[in-house]
**Student:** 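The structure under discussion is supplied below as structure tokens; questions concerning it will follow.
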Amino acid sequence: MISACVIAKNEAAVIGRCINSVKRIADEIILVDTGSTDDTVRIAEGLGARVFFREWDNDFSAAKNHALNQVRGDWVIFLDADEYFVEDSELKLPFYIKNAKTKAFMCMMRHIDAEGSVMAQNYSLRVFKNSPDIRYKGIVHERLFDGDSEIKFNLLKDVIIHHTGYTKANLAEKDARNYELIMKMEKAGHRDQFTSYYLAMHFFQKGDYQKAYHYTNEFKKFARLNLKKDEHIFLFRIFIVRLASMIELDNIDTEDTYKEIQNFLWLYPTHPEIKLCEARFYDKLGMYDKAVESYNEAILLNEKYDGENQNLFWEQYHTVFIRIGEIYELKGKG
């Protein structure tokens, strides 16, 4: 028996799409509503969901665990309200579940913009075995634990979920909310690789490269930064943030930055964004021939990259070509 779970608040615009994407394989659908004033509950109930209510207290894990407490199935699919399975890929889940040799699966998550274009993709843990020992921890950016240890998982590249929640309109709002909750955790003495990771992301997006770099160092205290395998698939972005911050900062030794870039190129030789960091390093130093060479290599790597780690090269695609043109213009004037 498979149970599908979702927590929601004022998600009438998307909740039907979410529930309909799991109805063919879920034996029950559980929705925990945290205070909707729109038609979220009515829509969910109309689609057969069992609805429970919990007052919102700024704790994502508490809300999700409340949903898990209602589960009657052997396995759980846990989606956000603005997520949904595509390409009939959810139909593959019963086979994977039946033959599971692990307690959890990460699915391929594609983040979609308003036009339907893929902004980014990464693996996200959305399917796991039902057990009283398996629960979420963390008031924000919650993670799934099996007892005291983070749950072990396998990757499902062909089970695809679309996520529509990231827009320019709401990114700043979500970042502010999450930052406030993360700082609450840190001030309470809860510091680990995840709080460090998200604080590094926050300050990098704000353009505060010194603080971003600081939190990548905090991250190193809790994690083996050079780890190459699955454990860091969903934390890969901090590697890019670390290199980009080092390049931006003038108070970091150039040789140290170069060594760090080369180390990550050795670890991830096919990732276009790391090669892009090398290009920008050379560019900042005025080593334009090497910069152009690395920019072009990054473009080629991006065209054929099919790795498991998040790649956001597309965000900088046009600016890379513009910069190559600017460099040729500089060289021509010289």
**Student:** Are M246 and L285 grouped together when hydrophobic residues (ILVMFWY) are joined by side-chain heavy atoms under 4.5 angstrom apart?
**Tutor:**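 Same hydrophobic cluster.
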
**Student:** May I ask you to check whether F153 and F105 place their ring centres under 6.0 Å from each other?
**Tutor:**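 No, too far apart.
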
**Student:** Does any part of the side chain of Q210, heavy atoms only, come nearer than 4.5 Å to the side chain of L249, both counted from C-beta?
**Tutor:**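 Yes; the side chains approach each other to less than 4.5 Å.
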
**Student:** Are F236 and H271 an aromatic pair, judged by ring center distance below 6.0 Å?
**Tutor:**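 Yes - the distance between ring centres of H271 and F236 falls below the 6.0 Å cut-off.
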
**Student:** Check the pair H163, Y84 against side chain to side chain contact (heavy atoms under 4.5 Å, CB included), reporting the backbone distance first and the verdict last.
**Tutor:** CA-CA 7 Å; H163 173 229; Y84 58 101; over 6 Å; no

**Student:** Check whether F145 forms a cation-pi arrangement with K137 (NZ or CZ under 6.0 Å from the six-membered ring centre, at most 45° off the ring normal).
**Tutor:**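 Relative to the ring axis of F145, which defines the angle, K137 lies inside both limits.
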
**Student:** So that I know where these two stand, are F321 and Y317 an aromatic pair - ring centroids less than 6.0 Å apart?
**Tutor:**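 For F321 and Y317, the ring centres are under 6.0 Å apart.
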
**Student:** When you group the ILVMFWY residues by side-chain heavy-atom contacts below 4.5 Å and let the links chain together, are V22 and F95 in the same group?
**Tutor:**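 Yes, because F95 and V22 connect within a single hydrophobic cluster, where side-chain heavy atoms sit under 4.5 Å apart.
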
**Student:** Are L68 and F128 close enough that some pair of their side-chain heavy atoms sits under 4.5 Å apart?
**Tutor:**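 L68 vs F128: side chains touch.
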
**Student:** Ignoring hydrogens and geometry beyond distance, is a side-chain donor-acceptor pair present between R135 and N69 at under 3.5 Å?
**Tutor:**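 Judged by distance alone, the side chains do pair up.
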
**Student:** Looking at F194 versus H141, is the centre-to-centre ring distance below 6.0 Å?
**Tutor:**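 Judged by ring-centre distance (under 6.0 Å), F194 and H141 do not meet the cut-off.
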
**Student:** Taking side chain as C-beta onward, heavy atoms only, is F204 less than 4.5 Å from K211?
**Tutor:**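 F204 vs K211: side chains apart.
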
**Student:** Tell me, do E83 and H162 make a side-chain contact under 4.5 Å, heavy atoms counted?
**Tutor:**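 Counting from C-beta outward, E83 and H162 never come under 4.5 Å.
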
